[in-house]
Q: 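Here it is: the structure, laid out below.
Chain naming here is simple, since letters A, B, ... match the order of the sequence lines and numbering starts at 1 in each.
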Amino acid sequence: MSKRKAPSKDGNVNSDFCDFLQELAEYEKNVAGNIFKYNAYRKAASSLASHPVRVQSGKEAMKLDGVGKKIADKLDEFIKTGELQKLKKIRNDDTSTAINSLVRVSGIGPSKAKELIEEGITTIEELRKHEDKLNHHQIIGLKYLEDFEEKIPREEIEQIESVIRSEIGSLDPQFNITICGSYRRGKKESGDIDTLISHPSFTSSDKKSSKLLESVVNKLKECGLIVELISMGDVKFMGACKLVEKTRRLDIRLTPFDQYHCAVLYFTGSDLFNKEMRAHALNNGYTLNEYCIRRVGSTGTPGEPLPVSCEEDIFDYIDYPHKKPEERNL
DNA sequence: ATGTGAG
DNA sequence: ACTCACATA
C-alpha cells in the first residue's frame with residue numbers, strides 16, 4: 001500500500017471523524033514534520049474506526065484509547081460546526097498544498113518536496129519542466145503519476161500473473177510464484193502487484209542469492225512485460241509492467257526457499273490481520289515474523305525456526321483457526 | 001554511515 | 001516494526 005490517502009468507509013459510523021483526523025495526521029507528518037502528533041492522530045482515528053457506536057461528543061470520545069482533551073475539543077468543534085478551523089487553514093496554506101501535490105509522486109517524500117518548494121517548484125506541472133532535479137525513481141514516479149494512482153482490476157492482474165507464470169516457468173519450472181497483497185485476498189482491484197518467488201537453490205543458509213532474481217527480471221523484460229526498473233537488489237525488484245493500456249507498479253521479491261510460506265503469509269496481509277495473528281502467536285508461546293516461526297521459551301529467548309511446508313502449518317503451530325486469504329481482509 | 005523512501 | 005535499495009557523505 002502506498003502513501004495515498006485511503007478514506008475510511010464501510011460500516012464505520014465514525015468515518016467522517018476518522019477522515020479529518022487522518023487529514024490532520026498527514027499534515028503533521030508531511031508538513032509540520034511532527035511524527036508524534038501524526039501517530040497520535042492515527043491512533044485516535046483507529047480507535048474511532050473500531051468503535052461500533054457513533055460518538056455524540058468529545059467527552060464521550062475521551063473514553064476511547066488515544067483520545068485526549070485536544071482531540072476531544074476538535075471532535076466537538078466538528079460536531080457543532082461541521083468543520084475545523086485548523087483544517088481550513090491547512091487546506092488554504094500554500095506550503096501545505098504544494099507538499100501534498102508533490103508527494104503524490106512515488107519517490108518524493110516530505111523532505112524532497114520541501115527542497116523542491118525552496119527552489120520554487122510547487123506543482124506537478126512545474127515539476128515536469130524540471131526533471132533534472134529528480135533521481136531515477138522520482139522520474140519514473142512522475143512519468144506514470146496518473147497510471148500509478150489508478151487501481152488495477154483483478155482480471156488484469158490475473159492476465160499478468162499468467163504471463164509471469166509461463167515466462168518464469170519456462171526459465172525454470174522449480175520456481176515457486178505467489179502474487180500476494182489484496183489480490184491474494186480476493187479483492188476486485190489492487191494498488192500494485194506484489195510477487196513473491198522462491199527457488200530450492202536459494203535457502204536461508206546461502207548468504208548470496210546468486211543471480212536468480214536478475215534472471216527472472218531479465219526474462220520478464222525480454223518478453224516485454226517489465227517496462228521500467230525503479231530499483232533492483234539481490235532479493236528485491238521494484239519496477240513497472242504493462243500488458244494493456246496502463247503501466248502498473250510491480251514488485252518482485254526473492255525469498256529463501258525455507259522461508260517462503262512465512263513470507264507469503266506476511267505479504268498477503270492485511271496489516272491488521274498480521275497484527276492480530278502475531279499477537280495470538282505470542283499468547284501461545286510463539287514468535288512469528290516475515291521469515292520464520294519460533295517457539296519462545298520461558299526465558300523469552302526464541303528457539304530455532306520451526307519447519308514449515310505450507311501456510312497451514314503456521315496456523316497449526318499457534319492453534320489459530322485457519323483463515324483463507326479472502327478471510328484476512330481486516 | 002546516514003538519511004530518504006517504499007512497502 | 002522492520003527491511004531493502006538508493007543516494008549521498
Side-chain angles (χ1 to χ4, degrees), chain A residues 1-6 26 29-31 33 35-36 38-39 42-43 46 99-100 102-118 127 131-142 144-145 148-149 151-152 178-185 187 190-198 202 204 207-209 211-214 216-217 228-241 248-256 259-260 262-279 281-282 287-294 296 302:
Chain A
M1 204 69 77
S2 73
K3 61 195 171 194
R4 253 169 294 118
K5 42 176 169 279
E26 296 293 324
K29 176 163 67 86
N30 295 339
V31 185
I35 200 74
F36 299 103
Y38 165 77
N39 285 328
R42 294 265 321 266
K43 187 174 179 187
S46 132
I99 289 175
N100 285 331
L102 297 174
V103 298
R104 287 169 57 206
V105 176
S106 180
I108 298 184
S111 171
K112 180 69 184 181
K114 285 169 189 158
E115 181 188 316
L116 289 164
I117 291 165
E118 296 270 298
L127 193 55
E131 264 195 25
D132 54 308
K133 308 220 177 282
L134 302 180
N135 67 24
H136 178 65
H137 181 168
Q138 293 156 348
I139 290 170
I140 301 297
L142 180 59
Y144 299 106
L145 177 61
F148 287 173
E149 286 184 334
K151 290 283 194 175
I152 315 170
T178 308
I179 299 185
C180 299
S182 56
Y183 171 72
R184 184 156 183 261
R185 299 199 305 274
K187 291 288 190 184
S190 304
D192 63 0
I193 305 168
D194 197 356
T195 308
L196 255 61
I197 62 172
S198 75
F202 172 54
S204 53
K207 27 218 119 268
K208 269 288 170 184
S209 60
K211 303 222 167 292
L212 278 173
L213 182 58
E214 198 188 313
V216 163
V217 169
E228 297 286 359
L229 182 146
I230 292 173
S231 70
M232 169 89 174
D234 281 348
V235 295
K236 191 168 110 180
F237 160 86
M238 289 173 59
C241 66
R248 310 298 196 178
R249 280 281 292 107
L250 172 68
D251 291 349
I252 305 175
R253 23 170 62 94
L254 172 65
T255 78
Q259 299 177 345
Y260 187 62
C262 283
V264 166
L265 175 65
Y266 180 85
F267 286 109
T268 297
S270 68
D271 288 350
L272 250 86
F273 171 79
N274 286 348
K275 212 171 162 183
E276 191 168 298
M277 186 164 170
R278 288 197 301 264
L282 272 181
T287 174
L288 177 61
N289 63 21
E290 170 186 353
Y291 307 110
C292 61
I293 177 164
R294 290 166 297 173
V296 36

Q: Taking any heavy-atom pair under 4.0 Å as a contact, classify A/Asn289: base, sugar-phosphate, or nothing.
A: nothing
Q: Starting from P on C/dC6, measure out to CD on A/Gln138 and report it in whole angstrom.
A: 14 Å
Q: For A/Lys29 and B/dA6, what is the distance between atoms NZ and P respectively, to the nearest whole Å?
A: 8 Å
Q: Report the distance from atom CD1 of A/Ile252 to atom C1' of B/dA6, rounded to the nearest whole Å.
A: 16 Å
Q: From CD of A/Glu115 over to C1' of C/dA7, roughly how many Å is that when rounded to an integer?
A: 12 Å
Q: Figure out the CD1/C1' separation between A/Ile35 and B/dG3, and round it to whole Å.
A: 14 Å
Q: Of all the choices, C/dA1, C/dT3, B/dG7, which nucleotide is nearest to the side chain of A/Glu290 once you look at every atom?
A: C/dT3
Q: Starting at CG of A/Leu116 and ending at P of B/dG5, how long is that distance when rounded to a whole Å?
A: 10 Å
Q: Within a strict 4.5 Å, meaning less than it, do heavy atoms of the A/Leu254 and A/Phe237 side chains meet?
A: no
Q: Could you check how far CZ of A/Phe267 sits from P of C/dC4, rounded to whole Å?
A: 9 Å
Q: Looking at the side chain of A/Tyr266, which of C/dA5, B/dA6, C/dA1 is the nearest nucleotide?
A: C/dA1
Q: Within the structure shown, what part of the strands sits under 4.0 Å from A/His137 by heavy-atom distance: base, sugar-phosphate, or nothing?
A: sugar-phosphate
Q: Among A/Gln138, A/His137, A/His136, find the one that has a side-chain contact (heavy atoms from CB on, under 4.5 Å) with A/Ile140.
A: A/His136
Q: Does either side chain, that of A/Ser106 or that of A/Tyr144, offer a donor lying less than 3.5 Å from an acceptor on the other one?
A: no
Q: In this structure, how many angstroms lie between the P atom of C/dT3 and the OH atom of A/Tyr291, rounded?
A: 6 Å
Q: So, does A/Arg278 get its side chain near the phosphate of C/dA1, meaning an N or O under 4.0 Å from OP1 or OP2?
A: no
Q: Measure from the side-chain N and O atoms of A/Ser182 to the backbone N and O of A/Arg185, and report whether any donor-acceptor pair falls under 3.5 Å.
A: no
Q: Looking only at side-chain atoms of A/Ser111, point me to the closest of B/dG7, B/dT4, C/dC4.
A: B/dT4
Q: Can you tell me if A/Lys187 has over 12 outside heavy atoms packed within less than 6.0 Å of its NZ?
A: no
